[in-house]
Peer 1: 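Take this structure, written in structure tokens, and hold onto it; I'll ask about it next.
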Amino acid sequence: MDLLHRVLFTAFGTLTLFYVVVKISLGYWKRRGILHEKPKFLWGNIKGVVGGKRHVLDALQTIYDTHKGQAPFVGCYALLKPFVMVLDLELVHNILVSDEGYFTSRGLYNNVSNEPLSGNLLQLDGHKWRSLHAKSVTVFTSSNLHKLMPRLLQVSNIFGSRIGEQKLQQLNVSQLVDSYNIEVIGLLGFGLTGDQVEFRKMSRSYWNNFSLWRAYLALELPLLARLVQYTSYDELATNYFYNLVHAQLYQQRLRDRQPLQNFLQLFSAVDDALSDAQIAAQAFGFILAGLEPLNATLSFCLYELALQPDLQDRVRSEIQQLLHQHDGQLTADSLKQLKYTKQVLNETLRLHTPYPFLLRRATKEFELAKSVFVIARGNNLIIPVAAIHRDPSIYPDPLRFDPDRFEAAAVKARPAMSFLPFGQGLRGCIAMQLAEQQLLIGLVALLQHHKYAPCAETQIPLQYDNRKLLLMPKTDIQLSVEYVDT
Ligand code: HEM
């Protein structure tokens, strides 16, 4: 056989093999006889998502809207990977809460030996996650959050005064809230006081070498990815965070018996101590899991309030009244009185759900009660939270921003599992209480003395960034801001 024939033969063989692998992968649900969304060759059901033409929320919502009510779950594919999309809220409850022991894995890639910061709670599974989770719940307690509250208020007070007293100015609200959240994370998560220029830079650059394709391959073939030492994050940034935590822990240990000031102290004090590398991974978790959802929530919230000034005035007067009653001082208890402000935050999290879906992996076969359906061991599950939050049978006129949906009676009337911005159960957001506190205190600082309104640069209607899996604005949110003396 001459060279040309050999090349043609090899190319043909490779293409045939590729075709067969794709066909077999995309035939998974058909072979199991399960209702599924028909996949497109190679793309599965996320055509357009990988190239940034549409947001993953849109792809998931299409599947949810098409099949809801037909079965407890429907099969679908992210490229070649089969997923169970859960449609029924009772099944959501089983998976997240009542039968969570079957679904304690999330199935994300991690490689702790080569990339120690990937050993955070979000990415770990199995016994490593279990042991770390048991220790971490002793850190994120209400009593610790109470003790750290003065530090949080310290940042928010300085932040509020920094917005300025100009009569009218145009502000990049996305950058404004980012500076607040980074400062809080720097102080509480990493014990950083003073200059945070480098920290800010690194917090923005750790995704620098991210490629969706490579991340997908690492998810599909984790053993191979570990073999070739695939890393998810920018090396410069992760080295910076790692070394920063080591230096901070060293300094803290020299100052023995100091009052509680940050989470590094709490993580170092847990029984059956964590190693410094494990503590560094948990501190990194603040940035990885927390920064972007906090930024998105605060900026979406201001955007919605700018469009509806009457709601904004109502929030501002609630805040001013509370501060007046408590001599301008906030406490964890007094924050609970900000009922309407909390409703506004919840409505923001419903309409612009930062994590539009939750992931689980079945670690054991799960038989659905009173049905013939089985979720097989190793199946990946997706809970389409944002689609549930926009389901008109649960939230009528779902695209309207209406905080009254979160009045106590309305919440009680809705089914369980219909509001899941922080997930739920064992693998739910471990920092939910901290995040809610940070958001509420941030809103107090932002709204106490300032009014927000759309300006020429405000993008209306708002668009999401299709290249992100989280729900983020496509471009920075800009608003006009006016100082109001009270
Ligand atoms: C608006 C802010 C936030 C939102 C909306 C949010 C939402 C979420 C969601 C949806 C999950 C997955 C839950 C599940 O699978 O059931 C999660 C997990 C997690 N979040 Fe948050 N989060 C926020 C802020 C934070 C912050 C500030 C931290 C800082 C430490 C944090 C740390 C984590 C961690 C470590 C996990 C993984 C927990 C585990 O798997 O055991 N989050 N978060």
Side-chain angles (χ1 to χ4, degrees), residues 86 92-93 95-97 100 103-108 110 117-137 139-140 144-145 148 152 177-178 180-190 203 262-264 266-267 278-301 342 345-346 348-361 380-386 388-389 417 419-443 469-472:
V86 187
V92 172
H93 188 266
I95 291 164
L96 297 185
V97 186
E100 61 188 349
F103 305 100
T104 47
S105 287
R106 190 172 277 129
L108 297 180
N110 66 70
L117 297 194
S118 67
N120 58 72
L121 272 184
L122 191 74
Q123 287 178 259
L124 286 182
D125 278 334
H127 70 274
K128 284 189 186 154
W129 169 79
R130 209 173 276 281
S131 136
L132 192 60
H133 184 262
K135 293 173 188 176
S136 302
V137 286
V139 165
F140 287 92
N144 285 338
L145 294 184
L148 287 172
L152 183 50
V177 300
D178 179 61
Y180 163 69
N181 288 320
I182 290 218
E183 220 154 302
V184 174
I185 290 177
L187 184 72
L188 295 189
F190 289 78
S203 305
N262 60 57
F263 278 92
L264 293 183
L266 289 166
F267 276 116
Q278 283 178 310
I279 297 177
Q282 304 333 300
F284 179 61
F286 276 77
I287 297 175
L288 176 72
L291 182 58
E292 293 205 337
L294 286 166
N295 282 346
T297 309
L298 274 184
S299 42
F300 284 137
C301 185
K342 180 82 190 294
L345 269 180
N346 281 343
T348 309
L349 288 162
R350 177 198 70 81
L351 183 56
H352 305 291
T353 316
Y355 284 81
F357 57 88
L358 306 175
L359 293 174
R360 293 291 185 272
R361 177 174 286 169
N380 292 293
L381 288 85
I382 197 155
I383 295 163
V385 177
I388 295 171
H389 288 176
M417 303 292 118
F419 184 57
L420 294 167
F422 292 98
Q424 188 65 254
L426 266 182
R427 290 225 69 161
C429 180
I430 197 156
M432 172 175 145
Q433 213 184 328
L434 168 72
E436 287 184 337
Q437 211 168 67
Q438 186 164 336
L439 291 169
L440 271 178
I441 290 175
L443 274 187
L469 289 178
L470 297 195
L471 221 55
M472 316 274 296

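Start at 1 and go down the list; that is how both ligands and their atoms are numbered.
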Peer 1: Tell me which protein heavy atom sits closest to atom 39 (C) of ligand 1, plus the residue, atom name and distance to 0.1 Å.
Peer 2: Trp129 NE1, 3.6 Å

Peer 1: Among all residues two or more places apart in sequence or in another chain, which pass the side chain to side chain donor-acceptor pair (under 3.5 Å) test with Asn295?
Peer 2: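 Once residues adjacent in sequence are excluded, the partners of Asn295 under the side chain to side chain donor-acceptor pair (under 3.5 Å) criterion are Asp178, Asn181.
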
Peer 1: Does Phe286 form a side chain to side chain contact (heavy atoms under 4.5 Å, CB included) with Leu291? I'd like the steps, not just the answer.
Peer 2: CA-CA 7 Å; Phe286 276 77; Leu291 182 58; over 6 Å; no

Peer 1: Under 4.0 Å from a heavy atom of His133: give me the atoms of ligand 1 that qualify, with their elements.
Peer 2: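 Going through ligand 1 atom by atom, the ones under 4.0 Å from His133 are 41 (O).
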
Peer 1: Look at atom 10 (C) of ligand 1 and say which protein heavy atom is nearest, naming residue and atom and giving the distance to 0.1 Å.
Peer 2: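 The answer is Pro421 O, 3.3 Å.
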
Peer 1: Heavy atoms, side chains only, cut-off 4.5 Å: are Ile287 and Phe190 in contact?
Peer 2: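 Ile287 vs Phe190: side chains touch.
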
Peer 1: Quick one, Leu148 and Leu266 - any side-chain contact, counting heavy atoms below 4.5 Å?
Peer 2: yes

Peer 1: Without swapping roles, check the side chain of His352 against the backbone of Cys301 for a donor-acceptor pair under 3.5 Å.
Peer 2: no

Peer 1: When you measure from atom 14 (C) of ligand 1 to every protein heavy atom, which one gives the shortest distance, and what is it?
Peer 2: Arg427 O, 3.0 Å

Peer 1: For residues Phe357 and Ile383, determine if any side-chain heavy atom of one lies less than 4.5 Å from a side-chain heavy atom of the other.
Peer 2: no

Peer 1: Is there a nitrogen or oxygen of Thr297 sitting under 3.5 Å from a nitrogen or oxygen of ligand 1?
Peer 2: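 No, no N or O pair falls under 3.5 Å.
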
Peer 1: How many protein N, O or S atoms sit closer than 2.8 Å to atom 21 (Fe) of ligand 1?
Peer 2: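 Count of protein N, O, S atoms less than 2.8 Å from atom 21 (Fe) of ligand 1: 1.
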
Peer 1: Taking the side chain as everything from C-beta on, heavy atoms only, tell me whether Leu152 gets closer than 4.5 Å to Val184.
Peer 2: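 Yes, side chains in contact.
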
Peer 1: Can you find a pair of side-chain heavy atoms, one from Gln424 and one from Leu358, that are under 4.5 Å apart?
Peer 2: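 Counting from C-beta outward, Gln424 and Leu358 never come under 4.5 Å.
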
Peer 1: Please write down residue, atom name and distance for the protein heavy atom closest to atom 38 (C) of ligand 1.
Peer 2: Gly428 O, 3.8 Å

Peer 1: Just to confirm my output: which protein heavy-atom neighbour is closest to atom 12 (C) of ligand 1, and how far is it?
Peer 2: Arg106 NH2, 3.7 Å

Peer 1: Is the closest side-chain heavy-atom distance between Tyr180 and Gln438 below 4.5 Å?
Peer 2: yes

Peer 1: Do the non-hydrogen side-chain atoms of Leu122 and Arg106 ever get within less than 4.5 Å of each other?
Peer 2: yes

Peer 1: Within the 4.5 Å heavy-atom criterion, are Val139 and Gln282 side-chain neighbours or not?
Peer 2: no

Peer 1: Any idea which part of Leu121 is under 4.0 Å from ligand 1, heavy-atom wise: side chain, backbone, both or neither?
Peer 2: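 For Leu121, the contact with ligand 1 is made by both the backbone and the side chain.
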
Peer 1: From atom 16 (O) of ligand 1, work out which of Gln433, Arg360, Gln438 has a heavy atom at the shortest distance.
Peer 2: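 It is Arg360 whose heavy atom sits nearest to atom 16 (O) of ligand 1.
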
Peer 1: Go through ligand 1 atom by atom and flag the ones less than 4.0 Å from a non-hydrogen atom of Gln424.
Peer 2: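 What qualifies from ligand 1 is 16 (O).
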
